[in-house]
Amino acid sequence: MLTFNDNKAGMGGLDKEKITKVIEENTSASYSSFSKKQQSRIDEKVAEIKNRIEKATREEKQKAENSMKNLEIKLEASRDLSRDCVCIDMDAYFAAVEMRDDPKLRTIPMAVGSSAMLSTSNYLARRFGVRAGMPGFISKKLCPELTLVPGNYPKYTKVSRQFSEIFMEYDGDVGMMSLDEAYIDLTEYVANRTEKRIFTRHRYGGDCPCWLPRVPEDEDIENLQFEDSECTKCSKNRRAYFDDVEFGVGREEVVREMRFRVEQLTGLTCSAGIAANFMLAKICSDFNKPNGQFVLENDRNVILEFLEKLPIRKVGGIGRVSEAHLQSMDIRTVGDMLLQKALFPLCFSPLAQESFLRTALGLPGRPSSSDPRRKSISVERTFSPTSDFQMLCDVHLEICQMLEEDIRKAGVIGGKTITLKLKLSSFDVLTRSLTPSDTVSSLEDIQKYSLELLEKEKGKEIRLLGVRLSQLVFEEEKKSKTITDFWNDAKQQKPLSSPEDADEIIMMDTRPCPICGADVENQLEILNRHVDECIQKMTDEESPELICISVETKKKVEKPVVFSKKRKIQEKKPAAKKVATIDSFWKKE
DNA sequence: TACATACAC
DNA sequence: CATGGTGTATGTA
């Protein structure tokens with residue numbers, strides 16, 4: 001049913017039927033009936049679509065076809081094949097971080113999440129059908145030996161900051177879609193890149209399993225230079241091999257270089273897609289996963305050919321429901337979309353028509369709202385279903401307190417509209433909202449208005465409560481000055497790296513380690529590693545992270561001013577998302 | 001404006 | 001035992 005799809009990578013050749021059966025057997029009655037309800041809603045819509053096509057008159061069909069033809073001409077005129085867009089996606093991100101920091105997890109099936117929900121699974125676990133979005137307790141049935149690791153979001157956030165700094169050197173306006181996904185416009189960088197770059201590559205071997213990347217077992221290491229040392233973590237001997245690697249000037253080479261640097265810095269691999277726009281780059285990033293990249297030539301025919309056989313579900317924005325709708329029109333691949341485009345006006349809204357046609361042509365989505373500011377802020381929690389109103393009020397108060405705190409941290413003064421979200425024990429979701437004449441800002445206001453809404457739902461058995469504030473009012477921001485100052489300060493202190501003096505960094509000058517004073521090769525990744533070792537030596541056993549960026553290096557993050565030269569009007573990157581705040585997971589009464 | 005849906009990660 | 005949390009966009013009334 002709709003519980004399991006093998007859309008994502010890593011599941012070749014497993015027994016789908018068996019997995020589906022295990023999932024069904026372990027699905028609760030209430031969830032199962034909710035799923036059925038959802039499915040029948042989709043079926044209804046599908047019937048409606050078929051019906052509309054069936055009973056459309058000749059004139060209507062003709063009109064629809066003309067309308068799509070005109071739209072296609074208009075859209076085709078906007079095609080831009082001049083850009084180098086890159087989407088970089090970390091491989092099994094949360095799981096990879098946990099595996100990096102605990103070698104025992106590298107060889108067993110493992111997932112990050114709770115018994116209620118998994119965020120990621122490693123590739124070994126995926127072979128059992130264990131995947132992101134699946135409840136942990138069902139995963140355990142599919143794979144009894146599965147190890148569940150609770151997520152450590154502050155750590156994932158920190159690591160994400162580390163590698164986004166690398167991307168920032170290539171595109172000052174890099175868009176982080178989430179902790180593990182980056183959109184990079186390389187056009188300008190590639191155009192200006194005239195020289196190859198050489199990096200020292202560090203890889204590890206010996207008895208110490210801690211550091212990554214490892215030298216492959218089958219590689220001939222006869223002629224590699226190395227250095228032995230005692231690992232500060234496991235006390236075993238670690239052998240660090242090093243050699244030079246070169247990266248040329250084309251976009252593929254530059255992307256290889258970025259991926260190389262990410263792995264050197266964090267010990268994590270990522271995959272990349274390269275194409276004429278971000279919509280295509282995102283699809284491509286999935287093609288050679290894990291630890292690979294895929295380029296789609298900036299050529300109309302090549303793009304259309306690539307899309308012809310591509311299942312529609314691989315396209316960003318087409319989910320379970322749209323897939324079903326389109327399938328009812330015999331559309332399974334993007335190629336089919338192009339063949340059937342004349343039917344769109346009979347079944348879909350104008351926006352949906354355009355969006356599907358853009359997809360079919362390999363064009364990016366409509367650039368959306370130019371206001372980069374966030375539009376809403378919310379907190380929601382799931383708990384054991386209850387209709388006890390006092391209990392719901394207690395939860396509600398806590399949620400309001402958390403929301404108020406988040407609002408303050410976000411530099412938001414208040415908002416016009418307050419929305420209460422409820423999920424019933426049946427899994428049905430309701431929202432109730434109101435817009436008072438005055439802006440809602442204090443904890444008291446938030447609580448008062450949302451409680452008003454909650455009171456009207458007395459008696460319902462509820463499993464989730466949420467409160468959202470929208471139509472936000474922001475603090476007057478004078479941030480740009482701060483950032484500039486920050487950058488100027490950093491510049492005077494001799495920054496570790498910047499595009500202008502990139503060559504100096506690659507060439508081998510040294511720089512004293514701020515911790516131990518020893519001369520260290522002045523290359524960002526190497527320096528970070530060294531500093532990290534030093535810090536580990538002198539500090540705790542506490543921090544489980546192997547790689548931790550130095551404080552100095554961190555300051556360099558804020559430098560978009562320098563890089564953002566005038567850029568052509570272009571497709572909007574997906575908006576950067578706020579990092580979720582984590583608190584201990586509470587549940588039960 | 002209010003509410004529901006769909007989607008991404 | 002047991003199916004998440006945050007945010008955006010869009011359709012419809």
Side-chain angles (χ1 to χ4, degrees), chain A residues 2-4 8 23 26-32 34-35 38 41-42 45 89-90 93-94 112-120 132-141 148 151 153 156 160 176-181 282 313 315-325 348-352 354-355 365-366 368-369 371-385 399 402-403 406 410 416-423 425 427-436 453 463-472 572 574-583 585 587-588:
Chain A
L2 25 89
T3 36
F4 182 67
K8 293 258 156 62
I23 293 173
N26 290 283
T27 296
S28 70
S30 53
Y31 194 78
S32 163
F34 172 71
S35 301
Q38 277 199 318
R41 261 215 332 273
I42 292 175
K45 183 74 197 234
D89 197 273
M90 301 302 290
Y93 183 49
F94 298 171
V112 174
S114 68
S115 72
M117 181 69 54
L118 303 184
S119 313
T120 344
M134 182 178 277
F137 72 94
I138 291 182
S139 318
K140 281 279 198 182
K141 304 277 181 180
L148 276 186
Y153 290 82
Y156 312 144
S160 180
M176 290 302 293
M177 228 279 158
S178 61
L179 294 181
D180 77 326
E181 211 180 289
K282 166 72 175 138
R313 191 59 201 275
V315 176
I318 298 184
R320 182 174 48 82
V321 176
S322 305
E323 182 187 35
H325 292 170
F348 304 121
S349 72
L351 265 181
E354 178 176 332
S355 150
R366 257 237 187 112
S368 51
S369 136
D371 188 349
R373 290 177 306 178
R374 82 150 101 194
K375 302 193 170 34
S376 72
I377 183 162
S378 67
V379 173
E380 67 189 54
R381 286 294 178 275
T382 295
F383 42 84
S384 325
I399 287 171
M402 290 187 275
L403 180 60
D406 286 358
K416 306 272 188 219
T417 302
I418 192 126
T419 305
L420 181 75
K421 176 175 169 180
L422 316 170
K423 195 189 283 183
S425 54
F427 290 92
D428 291 301
V429 175
L430 314 173
T431 59
R432 298 289 177 255
S433 65
L434 71 85
T435 307
L453 296 167
R463 79 187 323 277
L464 169 145
L465 276 182
V467 179
R468 176 165 73 245
L469 194 64
S470 49
Q471 303 218 76
L472 301 177
K572 269 266 161 8
K577 278 193 180 166
K578 193 196 100 141
V579 171
T581 54
I582 318 303
D583 38 76
F585 206 73
K587 218 172 153 156
K588 290 272 176 312

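Residue numbers begin at 1 in each chain, while the letters A, B, ... track the order of the sequences. Just so we're clear, the structure is a prediction, and the values are computed from it rather than from any experiment.
- Residue contacts for K423(A): at a heavy-atom cut-off of 4.0 Å it reaches the sugar-phosphate backbone alone, with no base atom in range.
- Here the side chains of V321(A) and R41(A) are not in contact, with every heavy-atom distance at 4.5 Å or above.
- The phosphate of dT3(C) has neither OP1 nor OP2 within less than 4.0 Å of any side-chain N or O from T382(A).
- Nucleotide dG4(C) holds its P atom 14 Å from the CG atom of L465(A), rounded to whole Å.
- Within 4.0 Å of T419(A), counting heavy atoms only, lies no atom of the nucleic acid at all.
- Counting heavy atoms from C-beta on, the side chains of L420(A) and V467(A) come closer than 4.5 Å.
- With a 4.5 Å cut-off on side-chain heavy atoms, Y31(A) and P135(A) do not count as touching.
- In this structure, the aromatic ring of F137(A) is not positioned over the six-membered ring of the base of dC1(C) within 5.5 Å between centres and 30° between planes.
- Residue F348(A) contributes atom CZ, which lies 17 Å from atom C1' of dT12(C) at whole-angstrom precision.
- In terms of the salt bridge (Lys or Arg N to Asp or Glu O under 4.0 Å) criterion, R468(A) has no residue partners (sequence neighbours excluded).
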Protein-nucleic acid N or O pairs under 3.5 Å, nucleotides 2-4 of chain B:
from   : atom 1 : to      : atom 2 : distance (Å)
dA2(B) : OP1    : T435(A) : N      : 3.3
dA2(B) : OP2    : T435(A) : OG1    : 2.4
dC3(B) : OP2    : S433(A) : N      : 2.4
dC3(B) : OP2    : S433(A) : O      : 3.2
dC3(B) : OP2    : S433(A) : OG     : 3.3
dA4(B) : OP2    : T431(A) : N      : 2.7
dA4(B) : OP2    : T431(A) : O      : 3.1
dA4(B) : OP2    : T431(A) : OG1    : 3.1

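- As rounded to the nearest Å, dA8(B) and dT3(C) have P atoms that lie 23 Å from one another.
- At least one side-chain heavy atom of S139(A) sits under 4.5 Å from a side-chain heavy atom of L118(A).
- Computed from coordinates, the I42(A) CD1 to dT5(B) P distance equals 11 Å when rounded to whole Å.
- Note: CD1 (I138(A)) to P (dG4(C)) measures 11 Å, nearest angstrom.
- In this structure, a donor-acceptor pair under 3.5 Å is absent between the side chains of T120(A) and Y156(A).
- Looking at heavy-atom distances under 4.0 Å, L464(A) makes contact with sugar-phosphate atoms alone, never a base.
- Heavy atoms of Q471(A) sit under 4.0 angstrom from primed sugar atoms or phosphate atoms, though from no base atom.
- Among the atoms of the strands shown, only primed sugar atoms or phosphate atoms (P, OP1, OP2) are found under 4.0 Å from some heavy atom of K282(A).
- A straight line from CE of M177(A) to P of dT6(C) spans 17 Å, rounded to a whole angstrom.
- Note on S349(A): a side-chain N or O is less than 4.0 Å away from OP1 or OP2 of dG11(C).
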